[in-house]
Amino acid sequence: MSQLRVLVVEDDPSLVQLLRATLEGQGMQSIDARTVADAVSLCRSHNPDLVLLDLGLPDRDGMEVLREIRRWFTRPVIVLSARRKEDDKVQALDEGADDYLAKPFGAQELLARLRVALRHDIRRTTDDPVVVVGTLRIDLSARTVHRGGVQVHLTPIEYRLLDALARSQGRLLTKAQLLAEVWGPGAGEQAHYLRIYMSQLRHKLEEEPANPRYLLTESGVGYRLASLEAG
Amino acid sequence: MPPSGPWPLLGALVLTLAATAAACFLRRPDSFGAAFAVYLLELVLVAFLWGHAASAASGVLSLLCWDLFLETPPWSLAISDWPVFLDFTAMVATALVVATLVDRLRDRLVQIETLNVAARALLGAETPAEVGQQAEETSTHVLGATWRIVPDGDLRRDSVPLVGSSGALGRLAPCAGAPRPASRELVTAFAAQVALALERARLAERAHGSDLAIQEERTRSSLLAALGHDLRTPMAGITGAASSLLLADSGLTESARSEMIALIARESRRLSQLVDNLLDLTRLDAGSIKPRLEWQPIEEVVGSARARFEAWFPKVIFLTEIDDSIQAPLDEVLIEQVLLNLLENAVRHGRPEGPLSLSARRNRDVLELEIGDRGPGIHPMDAAGIFEPFVAGPHSHGSGLGLAVCRAIARIHGGSLEYFPRNGGGSVFLLSLPCPDPPDREDPP
């Protein structure tokens with residue numbers, strides 16, 4: 001496999017240095033951009049495998065980079081945002097980012113998110129119909145769910161919700177994205193239904209619904225299906 | 001103002017008749033001095049009691065009475081002794097002039113009294129707005145119409161400037177349709193009092209503002225002093241460890257190196273938490289964080305807090321008791337932060353591996369979230385201050401801000417956070433949040 005190229009859109013020199021060192025330590029190539037204009041043109045010219053995008057850039061909003069490159073760029077984008085900016089995170093995700101990392105973050109966390117985003121990217125291309133997480137086995141083509149080898153019966157809406165999460169396994173989906181996916185466009189602000197169904201799913205699929213392992217909540221942002229290895 | 005109605009004229013009539021009777025009694029054939037004196041006294045008294053109109057009426061009546069009863073022959077309008085009658089007329093005229101002066105003096109006294117009352121009311125006002133209100137109210141008594149304070153540039157008819165010791169404060173102007181003021185002097189005097197009160201109120205307001213600023217400054221500097229200490233400690237560790245690692249010939253063993261790296265990671269996290277807490281506390285205190293209340297299954301909020309907590313402290317053992325039917329209107333992000341702070345506190349101050357107890361129950365209209373540890377607990381002497389910023393236990397590694405943030409978050413939810421010593425040793429923190437019955441909803445589509 002050829003060397004992975006990551007476009008790092010960040011204006012703080014220390015953070016750029018750190019990200020470069022971390023990425024190169026993993027055998028990836030890091031391309032730096034410090035402004036919105038650079039980011040868009042470098043993304044076009046280098047066609048990276050993944051973009052790490054800081055939402056707080058000096059010249060213009062990093063959200064503009066996201067909007068601009070999402071017109072043609074289909075590979076994963078992970079945004080870096082300040083803590084407590086849940087609205088920014090939600091907006092970035094709704095505008096096509098794959099995940100976010102709140103600053104300050106550790107190298108481990110960064111690499112884990114990178115791996116998930118890249119793996120999901122491969123999934124999207126190979127279209128493996130079976131998603132496995134822990135003791136859960138979700139067969140997207142047969143529309144069946146097994147927990148510890150025993151089939152679990154889900155209502156149609158519960159299944160649609162799980163299906164949406166499983167198709168983006170490891171990826172964070174906003175409430176708006178899930179509502180649109182499960183109930184169709186126009187479901188709008190009825191986040192309450194989502195919580196009810198998520199709670200029902202947890203009670204059917206988790207060992208300990210109050211301490212979920214698979215169906216994870218990101219407070220104020222959305223939900224994701226964990227991407228544990230099978231075991 | 002003299003009293004009005006029929007009483008002044010009636011009084012004047014009665015007193016004139018009484019004076020006439022007294023004069024008849026006192027009259028000597030060769031001397032009218034005593035009689036004159038009685039009338040003079042009567043006319044001035046009438047003026048003083050009922051004003052100069054009553055006094056004038058009394059004067060005319062006195063002339064008539066003199067002519068009828070004291071002039072010879074009595075009961076006749078014929079005048080036999082012209083010099084004496086002219087003397088009497090001159091005396092009445094003098095008396096009426098005196099009466100007018102007395103009347104004016106009395107009016108002036110009344111004005112001074114109303115001005116004094118107005119001044120007391122105006123000086124009782126504490127803010128410029130109150131002064132404005134008082135000026136409007138008292139102007140109706142003092143000037144007979146409503147006048148109000150207008151900005152300096154407003155030069156409407158009849159308005160007068162309000163001049164304070166340091167320049168113009170505005171103007172005093174009559175409301176539309178008010179009659180023109182009777183006395184310019186009175187308006188000026190009233191304006192001077194309004195100006196005085198206004199200036200005083202503005203100065204008081206400014207002084208109050210600077211008092212607050214001084215108090216705020218003191219709090220800020222004591223916060224900064226404490227913060228400086230709390231920031232320096234982890235920074236000293238990081239700087240020290242990093243410089244040792246950079247030293248080419250430090251002679252550090254591999255295990256010492258990795259210990260130092262771990263120290264840098266740990267202390268940086270501490271620093272960043274301290275800064276987060278400080279920013280949160282500032283914004284919570286300033287009221288710029290508003291909770292986004294949404295109905296949440298409590299199980300979900302606890303679950304996501306626990307997941308994040310276990311990422312940092314994977315070995316901690318939990319004893320949980322969550323009523324999974326509870327839903328409450330709360331801000332999931334903020335409440336998760338409270339739970340995380342409390343859990344971390346419990347690990348830091350209790351035993352590092354727990355067990356921690358975590359329970360959620362509904363008690364009438366209150367959601368009670370309880371986090372308990374089996375640590376040493378908090379000394380009763382310290383317990384009172386733990387929710388204040390920068391009060392931390394003697395052996396703590398906390399910044400002393402976490403609990404202050406938690407309590408501020410509980411409060412903006414309309415709830416509370418309390419500490420209790422735990423039965424059998426340890427600490428319990430009880431987070432109580434309002435938890436009304438959830439609204440009835442239709443089944444989702």
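Per chain, numbering begins at 1; letters A, B, ... match sequence-line order. We use all heavy atoms of the structure for the numbers below, so side chains are in, but hydrogens, waters and symmetry mates are not.
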Should the pair B:F429 and B:F387 be assigned to parallel (<30°), tilted (30 to 60°) or perpendicular (>60°) ring geometry? perpendicular

Under the ring pair (Phe, Tyr, Trp, His ring centres under 6.0 Å) definition, can you give me all pairs with a residue in residues 315-337 of chain B, not counting sequence neighbours? B:F309-B:F318

List for me each residue that meets side-chain contact (heavy atoms from CB on, under 4.5 Å) alongside A:R195, sequence neighbours excluded, and say none if there are none. A:K175, A:A191, A:Y223, B:E294, B:Q296, B:P297, B:E300, B:E332

Contact class of B:R292 relative to chain A, heavy atoms under 4.5 angstrom: side chain

Run the salt-bridge test on B:D323 and B:R362 with the 4.0 Å N-O cut-off and return the result as yes or no. no

Could you have a look at A:M198, A:E218, A:E208, A:E206 and say which one has the most heavy-atom pairs with chain B under 4.5 angstrom? A:E208

Which residue out of A:G106, A:S199, A:G220, A:P212 racks up the most heavy-atom pairs below 4.5 Å with chain B? A:G220

